[in-house]
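So the structure is just underneath, and the comments pick up after that.
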Amino acid sequence: MADKKLIVVLGPTASGKTALAVELARRFGAPVLSADSRQVYRRMKIGTAYPTDEEMAAAPHHMVGVCDPTEEYSAGCYRQDAAAVLGELFKEHDKVVCVGGSGLYINALCGGLDDLPQVDPDLRESLTRRLESEGLGALCADLERLDPEFYAVVDKSNPRRVQRALEVCLQTGKTYSSLRKRDAGADPAGGGLFVPVKVGIRMPREELYARIDARVINMMEAGLEQEARELYPLRDCNALQTVGYRELFEYFDGTVTLRQAVEAIQRNTRRYAKRQITWFLKDKDTAWFAPGQVDEIVEFIESAPGAGQAR
RNA sequence: GGGAGAGUUCCAGAGUGGCCAAAUGGGGCAGACUGUAAAUCUGUUAGCGUAGCUUUCGGUGGUUCGAAUCCAUCCUCUCCCA
């Protein structure tokens, strides 16, 4: 059954995931599946560090630039779309390389996701408005009434969590907690079609931060400002709630100088990287390597009998 | 040369006799996170293993039971008149 391997390359932003993935894809003759919550959007090429044309040519990439920035995308959409793509790819290949920095998306693919509904945009809209006018306390009160079990454990100061739970309750008429009983990890997309082999890229924090700072400068030189300017009208879309664009939008608004905006991009990218590291380090199935250890990584992948073996 | 003002914990900036290891913001660090996830949220940030204790608010010396807060003096900086 599981001689199909999904090689998952993960790590913080700017750690060199794409380059490694392309190299692995080349060596294994495998296609690449992106697991990135921002690269799914078109027109965000520079700011989200799309693979270059050469990289795309060297290894076909899937799930990059598949929807418009005006669309609402989510981990659920990703799971569905990516599973369909994988189903096709594994017909032809034993190995597929998955690269991405979005931990939740990788989990959705490899670990599964409970069967929760996609939220109705109108419902979300109305709750968002209530949140603004009546405050988080009002939503919390509702959630406490509708789903006391989940209310007991939610982060009550996180509007996203409270709102989402409430949305699900209102939409399904069931409690969020009752729909969420399954163990995350019990249901990989594709139903056991493949075994994930997770490879993480790790490097000293200092080095990573230096790479981030340099990459932001490169993005600016590559025309990020222009790209952002074209997307400025879409600034309220979820797709644009993204490091690299938000900061430039403030510059366009005249709130900050260009220099301040660029520094903010660098800083926010470092923070983002830190959050990714925190997330990825929790997954004990990941084997960590330095960026240059390609041979070791290849060897590890080939010898890996399945998931859950390394650390 | 004369006059006015300021020096606070990583930074900015409150605090003007005890409730101050010192508000608040920023930055840093750590963490949480099952459909908005490059999002959202939390904790922490003088030292010592908590309690407690020790060293901080430009330097020094005073006043006081007690000082970041009052006095003297010194240093540095800013501004104004020359």
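Below, chains carry the letters A, B, ... as their sequence lines are ordered, and counting in each starts from 1.
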Looking only at the side chain of [X] (C-beta and beyond, no hydrogens), which of the listed nucleotides [options] gets closest?
X	options	value
A/R271	B/U42, B/G35, B/G28	B/G28
A/Q163	B/C29, B/G35, B/U36	B/U36
A/R124	B/G27, B/U36, B/A37	B/U36
A/T278	B/A32, B/G35, B/A37	B/A32
A/K282	B/C33, B/U36, B/U40	B/C33
A/L104	B/G28, B/G35, B/C33	B/G35
A/R275	B/G27, B/A32, B/U36	B/A32

Between [M] and [N] - [atom1] atom distance, rounded Å:
N	M	atom1	answer
B/A6	B/U55	C1'	26 Å
B/U40	B/C48	P	35 Å
B/A39	B/U45	C1'	25 Å
B/A72	B/U64	C1'	16 Å
B/C79	B/U44	C1'	40 Å
B/U16	B/C65	P	23 Å

Using a heavy-atom cut-off of 4.0 Å across all strands, would you classify [X] as base, sugar-phosphate, or nothing?
X	answer
A/G101	sugar-phosphate
A/Q241	sugar-phosphate
A/T48	base

Whole angstroms only, please: what is the [atom1]-[atom2] distance between [X] and [N]?
X	N	atom1	atom2	value
A/I212	B/G28	CD1	P	11 Å
A/K274	B/G27	NZ	C1'	15 Å
A/L113	B/C33	CG	P	15 Å
A/M44	B/A37	CE	C1'	13 Å
A/I106	B/A37	CD1	P	14 Å
A/L166	B/U36	CG	P	13 Å
A/L281	B/C33	CG	C1'	15 Å
A/L109	B/A37	CG	C1'	15 Å

In terms of base orientation, is B/G35 syn or anti, with the syn window spanning 90° either side of 0? syn
Identity of whatever pairs with B/C57 - Watson-Crick or G-U, under 3.5 angstrom: none
Hunt down the Watson-Crick or G-U wobble partner of B/A68, both distances under 3.5 Å, from any strand shown, or write none. none
Establish, with yes or no, whether the OP1 or OP2 oxygen of [N] is under 4.0 angstrom from a side-chain nitrogen or oxygen of [X].
X	N	value
A/R267	B/G27	yes
A/R246	B/U40	yes
A/N268	B/A39	no
A/Y105	B/A37	yes
A/R79	B/G35	no

How close do A/F280 and A/G11 get, counting heavy atoms only, and between which atoms? CE1-O, 3.4 Å
Using side-chain heavy atoms (C-beta onward) and a distance below 4.5 Å, is A/E23 in contact with A/V298? no
Would you say A/R205 and A/K274 make side-chain contact, with heavy atoms under 4.5 Å? yes
Of A/Y209 and A/L116, the one whose closest RNA chain B nucleotide lies more 5': A/Y209
Between A/T242 and A/P117, which has a closest nucleotide on RNA chain B that is more 5'? A/P117
Checking salt bridge (Lys or Arg N to Asp or Glu O under 4.0 Å) for the pair A/D147/A/K174: CA distance, chi angles, key distance, verdict? CA-CA 8 Å; A/D147 187 353; A/K174 297 177 186 167; over 6 Å; no
Pair of N/O donor and acceptor under 3.5 Å linking B/U42 base with A/D155 side chain: no
With hydrogens left out and only the distance checked, is there a donor-acceptor pair under 3.5 Å joining A/R161's side chain and the base of B/A39? yes
State whether A/Y151 and A/K156 meet the cation-pi test: NZ (Lys) or CZ (Arg) under 6.0 Å from the six-membered ring centroid, and within 45° of the perpendicular axis. yes
Taking atom types as modelled, find out whether A/D68 and A/T70 have a side-chain donor-acceptor pair closer than 3.5 angstrom. yes
Taking the six-membered ring for Trp, are A/F194 and A/F90 parallel (under 30°), tilted (30 to 60°) or perpendicular (over 60°)? parallel
